[in-house]
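We name chains A, B, ... by the order of the sequence lines, and we start the count at 1 in each one. Keep in mind it's a predicted model, so treat the numbers as computed, not measured.
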Amino acid sequence: MKIMNLVNAINDALDIKLKEDKNMIVYGQDVGVEGGVFRVTEGLQVKHGKDRVFDAPLAESGIAGTAVGMAIAGLRPVIEMQFSGFIYPAFNQIISHIARMHNRSRGRYRMPIVVRMPYGGGINALEHHSESFEAGFAHIPGLKVVIPSTPHDAKGLLISAIESDDPIIFMEPKRIYRAIKQEVQEEKFAIPIGKAAVLQQGTDVTIVAYGAMIREVQKAMVLAKQAGISVELIDLRTIYPIDRETIAQSVKKTGRIITVTEGVRSFGVASEITQIVSEDAFLSLEAPPKRVTGFDTIVPLPRGEHHYMQDAYKIFYEIEKTVNY
Amino acid sequence: MKIMNLVNAINDALDIKLKEDKNMIVYGQDVGVEGGVFRVTEGLQVKHGKDRVFDAPLAESGIAGTAVGMAIAGLRPVIEMQFSGFIYPAFNQIISHIARMHNRSRGRYRMPIVVRMPYGGGINALEHHSESFEAGFAHIPGLKVVIPSTPHDAKGLLISAIESDDPIIFMEPKRIYRAIKQEVQEEKFAIPIGKAAVLQQGTDVTIVAYGAMIREVQKAMVLAKQAGISVELIDLRTIYPIDRETIAQSVKKTGRIITVTEGVRSFGVASEITQIVSEDAFLSLEAPPKRVTGFDTIVPLPRGEHHYMQDAYKIFYEIEKTVNY
Amino acid sequence: MFKEYSPLNKKIFRIIDNNGKVKNKKWMPEIDNKVLVKAYKDMLFARTADLQTVNYQRQGRIFTYPPNYGQEAISGAVAQIIRHDDWLVPAFREMGAWLAKGVTLTEVFLYYMGNEDATRFKNANKVIPFSVPIASQLLHATGIAYEVKIHKKKEVVFTFVGDGGTSEGDFHEAVNFAGVWKVPVIFIVQNNQYGISTPTRVQTASESIAIKSVAYGVKGIQVDGNDFFAMYAAVQEAHKLALAEDGPILIEAVTYRKGAHTTSDDPTKYRTKEEEERWDKTDPMTRLKAYLTDQGLFDFDEDKIIAEYKKEVDRQFVAAENYTEYPIEDVFKYQYVDMPDDLKEQKREYEKFLKWKESKVK
Amino acid sequence: MFKEYSPLNKKIFRIIDNNGKVKNKKWMPEIDNKVLVKAYKDMLFARTADLQTVNYQRQGRIFTYPPNYGQEAISGAVAQIIRHDDWLVPAFREMGAWLAKGVTLTEVFLYYMGNEDATRFKNANKVIPFSVPIASQLLHATGIAYEVKIHKKKEVVFTFVGDGGTSEGDFHEAVNFAGVWKVPVIFIVQNNQYGISTPTRVQTASESIAIKSVAYGVKGIQVDGNDFFAMYAAVQEAHKLALAEDGPILIEAVTYRKGAHTTSDDPTKYRTKEEEERWDKTDPMTRLKAYLTDQGLFDFDEDKIIAEYKKEVDRQFVAAENYTEYPIEDVFKYQYVDMPDDLKEQKREYEKFLKWKESKVK
Ligand SMILES: Cc1ncc(C[n+]2csc(CCOP(=O)(O)OP(=O)(O)O)c2C)c(N)n1
Ligand SMILES: Cc1ncc(C[n+]2csc(CCOP(=O)(O)OP(=O)(O)O)c2C)c(N)n1
Ligand SMILES: [Mg+2]
Ligand SMILES: [Mg+2]
């Protein structure tokens, strides 16, 4: 075991797989010499060579589109988008090809591509550096969307993502890149995609969250505990496909559910969870499934960002209302 | 009054506004000489000149990005994407600028841009010609998303869209471009954005739909009537912002709701409607809010497309289940 | 060749004139007579199939189809040079190249009948499916070529795009990445003067499309795409260079789309009869035929061959028409390698619905 | 000028050498002495502000900031030529140009303190907000220029991008559209040798960035961006051409980012001290100062002026620091002109929550 933060854990997963699989390659803007603007790929170029870990020209569509070709030719590209807010120029390649080539070729060409990117707010960043568009990606058939919340999960999920023969959008909560440290196994291990984790058993209300929001929910749970409310916390881990069973089981027990996300409110992840719960546990529902999310607004610049972000109080506020419904 | 199909009605709205507002311009691929691949802009270049109605180079980001500049300079661009499946190269300009310039400039530069495009399946088309990505656009703050279901609505909603100082994604159900004919007022009239229409009053179940799906629901309603089920049909008209009040009121009456869309199932419009109904009419719900949608798959090519599409039976199947819940 | 015909010199690379006379001996490629006749016949087959396909469409037996008519020399030249081990990254208007790589007409037809099974191209080596989003496929070619390079394979990647496609950002990024990575890819721009109704001058103000190669530090050449010999020589040289790690190469093939954009298009809306007639004189098949005739190589009964080809085309068409139904399973099966449970459930639910429907409808 | 220095001739346009000596009399622009001294002082002000800003960042008083250090002659030249009626479409590293258009330092600071109010630029005419998604703003410039053209206005659009930005598809589409539409826009590429850590040779294999103009049929020129006179002459000429409807123009300004990419960046990771020292000799301020000294125009006490400037910068910084709090309203107000009811409700709900929180927290 070794103490790692998220950055270390991701670097470690990349390193292990680069060693193990000669077809895996890593590229993106400034990931080579510089090791990425968040230093996630630090040292990998020196270890694995310039053919396999390298800087791409500044063009996201180019990065994603060439990855499609590489995957067709048998490579396993792990590409980095410098921030999730800069993935949009690559949107056409992602939705039209990464998500579809396998179907279009009727299984002939797999797309074992991982698109890694830091996402989410809370780091006092400029515009476009605080986005959470996971719901948008999750709506695209052919993709899977994975978001870790701890160093341990980051390593295990990224290993699975790299080994997956389906394309994975791998979103890294940059706000906690270095904020959470934890003992992580040094050997290779995998956490299955599509399985949520029940982080805390509880009886009064289920909270579904992921990424940097887990920490905020945990803070809210302290307040809830003081108020005598027992919260069951589910870390979604995979946004698509959602682990319906774990959620339904929990709601059948608690009768109440709140989804907490950083993303924009309307047409977001929370709405999907509500739909699922309505389908799978309707008769158990004792209160309306609620959402604690961003507003239907652009993430404000740092001086206004705290209004937009979820924190312990915002979450606890909704917990109280839901439990007292 | 004049008999119009959707194509005529849209052409008419464009023509009226081009006449009225010298700052309005229309461009996109093949919209000039050819009048658009669906002939929606036919005749407009001859009437309004090549500076105001013209063919753009084959580059969607270029079309959307220049529209941002034109809007800044005081024009009101109505741009056409040849098919909604080809809008993705423009995604960055749409999400990063069209949706944001007004906020970024704190109100200084408005984005009175209409992005028109044919969308949806059912026309035996090649890949990428049958998409329904309205849920993705509706998740982007700063945009409004409008979808007409009749010639009358197409004209009135497009007039509103062109007059709106907010950017509008205007999605045209190509499947019924010429299939529905109707008397439409020749003069200018506007239908407000953000207001749904109750097309049919009913008591047993509410159905929310829009675009080409309205017709399918209406067919299903014939089956429902035979089965003695009274359906209330709401045509959403605007996907964002959703008319919560009309939906909530209806569900308070019927206690049951089904959303019918062509789009992909997960993270789609239906889930948002379910969330809204859970928030606004929870205690009235007598059955789980359900969805009749596409699968979590790419729209199959024509030979398999009927499996994916919604029709009277698929809808009626869900109506029966919901009413008998 | 790439020096003499550098796009900066503003000379189009041409070998035979409209009457099939060799006007540029220096660069006349050495082609075995047998190969030459085969090339002509391959082009004839492609043209026959193409014209037949337009007919099938008129008969309502397939959906929209984009004809190749008039552009056959481009694919025809590539067809003679591309090897089993070379890659083909298609757009959608280069039938001759597909056939050379082992794509069958049945697959082509099946595709335009709307079945994804077609683009598995199961007996073709190193071909990827047709690409509809314009210019996006060029990046795939660059990516494949990157793999070829780092694994030191002796392979070349051929890819196609139209004149309209050069306006897309992906064209820029694909050629630019290829230039930086110095990978063995040949970009062939079929400049057929139009993107649907939009003429090339609305796409770009540059003097040629070939000259765009300068922006990426790659070799470029403008070729008379209706001159089989010029196309052959240019593609052969490009192939050699690419194998010698001296790629990428951008070839602008100047041609004319004699047919409609697709079977849903009506070109009379945007171009004149005079223009069409002017270009008719440059028809690639006529020119090659004139050359063959001059050389005494045109010693076969063309009508008879066409009749045979038509039969073969028909046979393959009927095979596509008789292709198995589209099983429900196929809607779901290939979305993921590892299919999500929820999607499995969607399929089960759909099958349940179908059973219910059956009970209702009859 | 654009003929003699066509990018195809592979000559960089330069007027003074590193010691401020005029080496290219032919193209030495005529600049009034007063204007020249003003230009120097403007650049000095911009540099002073820039260096101060880096300090503020170190003190934790603003967030990340991208320094202009070393690139001042480019904006400095534009600043002298751009008129009240001309448009400025910025990227994020051309402070001199912003200030010339009436953007205040307080606004610049407020932006890097994280408040959108900054980019209203309320006293600046025809400037649009800074653009973060690389190269995307170039299309806005082309779009504005289209309006200028069809309404026959006498305006020119200036826009900026970095060397890295030329790799993006939007660069291609913006210059290409501008070429087709023949609109009055001047694209200035600040080639400062790096995009963050990535050197220009990883961005493109083309011989220069200026040469990319050929791909779009527009005029282009490579200019020593650290030579104020060359930049002035080139921008002046471009401006004249654009007004005469002979645009667009692409100017590659070769320079060096002496500072870090942003205050979060550490250039020692990817470049050598030797390289930095080599470029130091070309510093644009030193060279212009040497020229002024030679001409006897450097008749002011620079230290004193810098001290004054620092005070002014500080004054404007404190004004930004004292800017009003960020009202809740501002999160919502500008999302739409016609705000959806649901969004209004989200605001109300948030305010209710805040009241509740107040009651809980104290
Ligand atoms: C990204 C994208 N935008 C628009 C279209 C619609 N479309 C299909 S073909 C075509 C014109 C293509 O012109 P060109 O590249 O010259 O190729 P050609 O058809 O002439 O062979 C267009 C606009 C598309 N398929 N993809
Ligand atoms: C679309 C997009 N991708 C990535 C980034 C992150 N990023 C910010 S600046 C930069 C490098 C820009 O280099 P260049 O264009 O040369 O401009 P310079 O910073 O050198 O002035 C990158 C990659 C971004 N802002 N936008
Ligand atoms: Mg073409
Ligand atoms: Mg740079």
key: Which portion of C/K333 sits near chain B, non-hydrogen atoms under 4.5 angstrom   = neither
key: Gap between atom CG of C/D266 and atom CZ of B/R39 - 0.5 Å precision   = 6.5 Å
request  = Give a yes or no on whether the backbone of B/I298 and the side-chain of C/Q335 come within a donor-acceptor separation of less than 3.5 Å.
outcome  = yes
query = What are the two closest non-hydrogen atoms of B/Q82 and C/I196, and how far apart are they?
reply = OE1-CD1, 3.3 Å
message = Could you check whether C/E349 pairs with B/K321 (Lys NZ or Arg NE/NH1/NH2 to Asp/Glu carboxylate O, under 4.0 Å)?
response = yes
ask   = So which part of B/T297 gets closer than 4.5 Å to some heavy atom of chain C, the side chain, the backbone, both or neither?
value = both
inquiry  = Is C/I62 close to chain B through its backbone or its side chain, or both, or neither, when contacts mean heavy atoms under 4.5 Å?
reply    = neither
key: Nearest heavy-atom neighbours spanning B/L301 and C/Y326   = N-OH, 4.3 Å
request  = Against chain B, label C/F63 side chain, backbone, both or neither, depending on which of its atoms sit under 4.5 Å from a heavy atom there.
outcome  = side chain
inquiry  = Would you compute the distance between atom CD of B/Q29 and atom OG of C/S167 and round it to the nearest 0.5 angstrom?
reply    = 9.0 Å
query = Do side-chain atoms of C/Q346 reach the backbone of B/D296 as a donor and acceptor pair under 3.5 angstrom?
reply = yes
request  = Check the angle between the aromatic planes of B/Y313 and C/W356 and answer parallel, tilted or perpendicular using the 30° and 60° thresholds.
outcome  = perpendicular
task = Could you check which of C/Q203, C/H261, C/K360 has the highest count of heavy-atom pairs closer than 4.5 Å to chain B?
result = C/Q203
task = For residues B/P302 and C/G114, report the shortest heavy-atom separation together with the two atoms involved.
result = CD-CA, 3.5 Å
inquiry  = Less than 4.5 Å to any heavy atom of chain B: does that hold for the side chain of C/Y323, its backbone, both, or neither?
reply    = both
request  = Identify which part of C/L343 has an atom lying under 4.5 Å from any heavy atom of chain B, answering side chain, backbone, both or neither.
outcome  = side chain
key: Side chain / backbone / both / neither for C/F130 at chain B, heavy atoms under 4.5 Å   = neither
query = Quick one: do B/D311 and C/K357 make a salt bridge, cutoff under 4.0 Å?
reply = yes
ask   = For C/D170, is it the side chain, the backbone, both, or neither that has a heavy atom closer than 4.5 Å to a heavy atom of chain B?
value = neither
request  = Starting at OH of B/Y317, measure out to CG of C/L354 and round the result to the nearest 0.5 Å.
outcome  = 9.0 Å
inquiry  = What part of C/N115 gets within 4.5 angstrom of chain B, counting heavy atoms only: side chain, backbone, both, or neither?
reply    = both
note = chain B shares the most heavy-atom pairs under 4.5 Å, among C/E325, C/K347, C/E116, with C/E116
message = Angle between ring planes, B/H307 versus C/Y350, binned at 30° and 60°: parallel, tilted or perpendicular?
response = perpendicular
key: Shortest non-hydrogen separation from C/V331 to B/P300 and the atoms involved   = CG1-CG, 3.9 Å
ask   = Of the non-hydrogen atoms in C/D342 and B/S266, which two are nearest, and what is the gap between them?
value = OD2-OG, 4.0 Å
key: Minimum heavy-atom distance B/D55-C/S197, with the two atoms named   = OD2-OG, 4.4 Å
key: C/K269 backbone acceptor or donor facing B/E34 side chain under 3.5 Å   = no
note = Whatever's closer than 4.5 Å to a heavy atom in chain C on B/F86 counts as side chain
message = Counting only non-hydrogen atoms closer than 4.5 Å, does C/I134 touch chain B with its backbone (N, CA, C, O), its side chain (CB onward), both, or neither?
response = side chain
